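Everything on this sheet refers to the single structure shown next.
Convention: sequence-line order gives letters A, B, ...; per-chain numbering from 1. Just so it is clear, the structure is predicted and the values come from calculations on it, not from any experiment.
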Amino acid sequence: MSEPTSTSTYKVIGMACHNCAATVTEEVELLDGVTAVTVDIASGSLTVTSHGNLSPAAVRTAVEEAGYELAAP
Amino acid sequence: MKPLPQSTPEQFIADFFTTFHEQVVRGDHDPAPAMARFYTPDIVMINDGIRLDWDRLLSHIHPVRKNLAEDDDSRFEVHEAIADGNRIAARLTIHAATRKKRIATDVVAFYTFTPDGRMTHAHGITRPAPKPQEPS
């Protein structure tokens, strides 16, 4: 039986182009348990699907490693 | 910025982005005052269908700074440009080195400038530049 998945959406500050989306996506995809990452540049949204519950702190760290910031929830 | 009539369109675009990179992107100063020398406060840049205003363009500077390599080797290769009054249509490739990889982005865009050389509108599309051995 497969582990349940969860999906969370965040707002990223500073994205403006496809290079930004690729940089954020590549960093968040490295997190354990992440199965899908979707970025919408126009709205600045980042949607992360993962096995189990992914820590928002881990997502924030990955986004910051990519050079961007998460907006306050 | 040098007013448009004092340059060829190709040189104007190359100089615009080169000096923007040197004076706005590079460094750790507040980018807003420097950006005001290049963009009007009401600038609208539509890039691949995404509308960027002054605030979004300004917020993009910090991550770009963080991601560029120390020696980013940025270069703005203008392939062609045509001017019509205060508007320029240009095809260029932006080359840069980030902390993790080299990137090259093709841009085709229409730009509108004020008489003193500030950009007030841009509308363009981009793609990752094909590698030299790939057909373009």
Side-chain angles (χ1 to χ4, degrees), chain A residues 3 5-73, chain B residues 17 20-21 24-26 28 31-32 35 39 43-70 72 74 76 92-109 119 122-130:
Chain A
E3 196 176 350
T5 62
S6 67
T7 299
S8 299
T9 299
Y10 305 85
K11 171 99 171 172
V12 179
I13 299 169
M15 293 194 299
C17 63
H18 294 299
N19 283 322
C20 299
T23 303
V24 170
T25 299
E26 287 166 13
E27 207 61 51
V28 175
E29 280 178 339
L30 294 175
L31 295 172
D32 280 346
V34 169
T35 56
V37 177
T38 305
V39 169
D40 183 90
I41 307 165
S43 65
S45 71
L46 163 69
T47 302
V48 185
T49 304
S50 64
H51 292 304
N53 287 317
L54 185 65
S55 155
V59 175
R60 179 178 297 278
T61 300
V63 168
E64 289 175 356
E65 176 58 28
Y68 299 80
E69 292 177 47
L70 279 189
Chain B
F17 287 115
F20 182 92
H21 185 75
V24 181
V25 177
R26 298 292 293 171
D28 56 5
M35 203 165 97
Y39 293 164
I43 185 168
V44 173
M45 185 178 288
I46 299 171
N47 199 21
D48 295 327
I50 299 156
R51 186 183 189 280
L52 304 169
D53 60 11
W54 171 275
D55 289 341
R56 286 199 65 174
L57 290 165
L58 185 62
S59 73
H60 185 230
I61 298 296
H62 179 67
V64 170
R65 283 178 173 176
K66 185 168 180 181
N67 281 319
L68 281 174
E70 193 169 334
D72 61 71
S74 291
F76 301 88
L92 60 146
T93 302
I94 302 170
H95 303 271
T98 70
R99 292 177 294 155
K100 297 184 177 176
K101 60 187 175 187
R102 290 199 63 83
I103 56 173
T105 304
D106 286 339
V107 181
V108 178
M119 187 184 291
H123 198 147
I125 55 175
T126 70
R127 67 171 183 176

Let me confirm one number: the CG-OG1 distance from A:N19 to B:T98, rounded to the nearest 0.5 Å. 8.5 Å
Please classify the contact between B:R99 and chain A as side chain, backbone, both or neither, with a heavy-atom cut-off of under 4.5 Å. side chain
What's the separation between atom NE2 in A:H18 and atom CG in B:D48, rounded to the nearest 0.5 Å? 3.5 Å
Looking only at A:C17, A:G44, A:A66, A:A22, most heavy-atom pairs under 4.5 Å shared with chain B are made by A:A66
Note: A:E64-B:K66 ion pair, threshold 4.0 Å (strictly below): no
I need the minimum non-hydrogen distance between B:H62 and A:E69, along with the two atoms involved. CD2-OE2, 4.4 Å
Quick one: closest heavy-atom pair of A:G14 and B:P63, and the distance? O-CG, 3.7 Å
Please round to the nearest 0.5 Å and tell me the distance separating atom CG of B:D55 and atom CD1 of A:I13. 11.5 Å
Rounded at 0.5 Å granularity, tell me how far OG1 in A:T23 sits from CG in B:N67. 5.5 Å
Counting distance only, does the side-chain N/O of B:R56 pair as donor-acceptor with the main-chain N or O of A:A42 below 3.5 Å? yes
